[in-house]
Colleague: 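Shown below is the structure under consideration.
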Amino acid sequence: MQTKFDITQLAKPEVAEAERVLRSCVHCGFCLATCPTYVQLGDERDSPRGRIYMIKAMLESSRAADEITVRHIDRCLSCLSCTTTCPSGVDYMHLVDHARVHIEQTYRRPIFERLLRRKLLILLPRPSLFRVAILVARGPALLGRFLPGRLGVLMRLALRPVYAPSWVDKPQTIPAEGDVRKKRVALSTGCVQKALAPEINEATARVLARHGCEVVVLKGLGCCGALALHHGDREDAQNLARRNISAFMTEHRHGPIDALVANASGCGTMLKDYGTLFRENVAIGEEATEFAGLARDISEVLVELKPLKTISLPKLRVVYHSACSMQHGQKMHKDPKKLLEDAGFELCEPVDAHLCCGSAGTYNILQPDLAGRMLERKVATLEQTKPDIIATGNIGCMVQIASSTTVPVVHTAELVDWATGGPIPPALEGRGLVE
Ligand code: SF4
Ligand code: SF4
């Protein structure tokens, strides 16, 4: 694609990078059919190619974002399905991140939208605050849960159970089981997941220790910053990342850590990209790149720790929902499925597995109609396989899918923990799946 940036514009590294990405698009349109918003709406402006054109026009003219551009960029899930399909290797992820920063810096959203976005950015990365907000909102939520639109989604979210801090949230070192320590790993315990599903971090710590890992839970390692970045607040994302890098590198220098384990693939994608986040910052860039190089999804680490110490469980049918951040963000297609098969589950594949469930961070709150349509389609394809369990590796997808199905939705780490001697995942209790 030809571009028309002048020298002054290209002097800014982020614009120069955006220009490089824009030029790599050959407008072939292969990406259209795999874009969930184009599939739903059939409008070129809601396709990757259409968005790329709009971003190009916005950046080339150095103008403030306009309402139409904002509407179509806001509808993008950042699912990155287009990056899997694109034959030219267009780095859409960093292009749309840059566009979002430009939008936040130049466009004034309506007041309700601004307040909602701010509220989400304050509450979600802080589990203690999130717990309090949910408890306070519970009364009004009982009345407002049937409301349509964003308010209804927020009210229904407030009716979800939230949990007190878990034993695994405290800074500690969990010793490796067995005679040989195979790895020393740090656990990224995340943010909102701690309040919504503490059993995921507990299962992750147990299964790692059982398979020979010393697991370190570090003080100061928290929200990865993905939410802030996807809302166009790069500064906030960098502040959160800086704190994580500092907490991790202090421990890593003290006693080398083999991997930083994430069990939410949305966070994993972000952690693996810290090098790019600090590309222009010499002072922290090197450490950020080292940090990013050690970030791993739990399934990658467990596959390396084989063989699994499996116990005997009934052969349950598991359909695996690969989160967009897992399959398109981290390009991980095999490890989580192999892990479930090695753990003794019968794996089944849904059709259209490449399409998003509509969760995408806060997308299901900010774009409830579109997200609802994607969810309906996703749940139908998952249920079509007649599974006993739906497995996935991302808390956002778990919450989204569980809101629309009676099939239990369980994290991959919980299933592998159970299959190797851990407790039954809470979502499976009382389901009659085991004697
Ligand atoms: S597939 Fe890639 S090169 Fe083709 S239009 Fe889409 S982004 Fe551009
Ligand atoms: S990230 Fe997803 S929603 Fe956004 S343009 Fe690409 S395929 Fe479409």
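Whatever order the structure lists ligands and atoms in, that order sets their numbers, starting from 1. Note that the structure is predicted; figures quoted are calculated from it, not measured.
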Colleague: Look at atom 2 (Fe) of ligand 1 and find which of S88, C25, C86, C31 reaches it with the closest heavy atom.
Modeller: C86
Colleague: Under 4.0 Å from ligand 2, counting heavy atoms only, is it the side chain of Y92, its backbone, both or neither?
Modeller: side chain
Colleague: Decide whether the shortest distance between a heavy atom of T85 and an atom of ligand 1 is less than 4.0 Å.
Modeller: no
Colleague: Among protein heavy atoms, which sits nearest to atom 4 (Fe) of ligand 1, and what does the distance come to when rounded to 0.1 Å?
Modeller: C28 SG, 2.3 Å
Colleague: Would you call R234 and E280 a salt bridge, taking side-chain N to carboxylate O under 4.0 Å as the test?
Modeller: no
Colleague: What is the closest protein heavy atom to atom 3 (S) of ligand 1, and at what distance does it sit?
Modeller: V26 N, 3.3 Å
Colleague: With a 4.0 Å heavy-atom cut-off (strictly under), which part of R51 contacts ligand 2: side chain, backbone, both or neither?
Modeller: side chain
Colleague: Should the proximity of P48 to ligand 1, defined as any heavy atom under 4.0 Å, be assigned to the side chain, the backbone, both, or neither?
Modeller: neither
Colleague: Going by the atom numbers of ligand 2, which of them fall below 4.0 Å from some non-hydrogen atom of L80?
Modeller: 1 (S), 2 (Fe)
Colleague: List ligand 1 atoms under 4.0 Å from G29, heavy atoms only on the residue side.
Modeller: 4 (Fe), 5 (S)
Colleague: Around atom 8 (Fe) of ligand 2, find the nearest protein heavy atom and jot down its residue, atom name and distance.
Modeller: C35 SG, 2.4 Å
Colleague: Where the side chain of E304 meets the backbone of V301, is there a donor-acceptor pair that is under 3.5 Å apart?
Modeller: no
Colleague: Without swapping roles, check the side chain of E104 against the backbone of D233 for a donor-acceptor pair under 3.5 Å.
Modeller: no
Colleague: From C82, does some N, O or S atom reach closer than 2.8 Å to atom 2 (Fe) of ligand 2?
Modeller: no
Colleague: Stepwise, does the salt bridge (Lys or Arg N to Asp or Glu O under 4.0 Å) test hold for E17 with R279?
Modeller: CA-CA 11 Å; E17 181 54 26; R279 188 170 35 199; 3.8 Å; yes
Colleague: Closer than 3.5 angstrom, by distance alone: can the side chain of T392 be matched with the main-chain N or O of H321 as a donor-acceptor pair?
Modeller: yes
Colleague: Do the charged groups of K338 and E341 touch, with an N to O distance under 4.0 Å?
Modeller: no
Colleague: Measure centre to centre between the rings of H27 and Y53, then say whether the value is under 6.0 Å.
Modeller: yes
Colleague: Quick check on P87 - does any of its heavy atoms sit under 4.0 Å from an atom of ligand 1?
Modeller: yes
Colleague: Below a 4.0 angstrom heavy-atom separation, can you tell me which part of C356, side chain or backbone, both or neither, approaches ligand 2?
Modeller: neither
Colleague: Any donor-acceptor pair under 3.5 Å linking the side chain of T420 with the backbone of D417?
Modeller: yes
Colleague: Using a 4.0 Å cut-off to any heavy atom of I52, which atoms of ligand 1 qualify?
Modeller: 7 (S)
Colleague: Test V410 against every option in I200, V318, L415, I390 by the side-chain contact (heavy atoms from CB on, under 4.5 Å) rule and name the one that passes.
Modeller: L415
Colleague: Would you call the rings of Y274 and F291 parallel, tilted or perpendicular, taking 30° and 60° as the class edges?
Modeller: parallel
Colleague: Output the list of atoms in ligand 2 that are nearer than 4.0 Å to some heavy atom of L77, sorted by atom number.
Modeller: 3 (S), 4 (Fe)
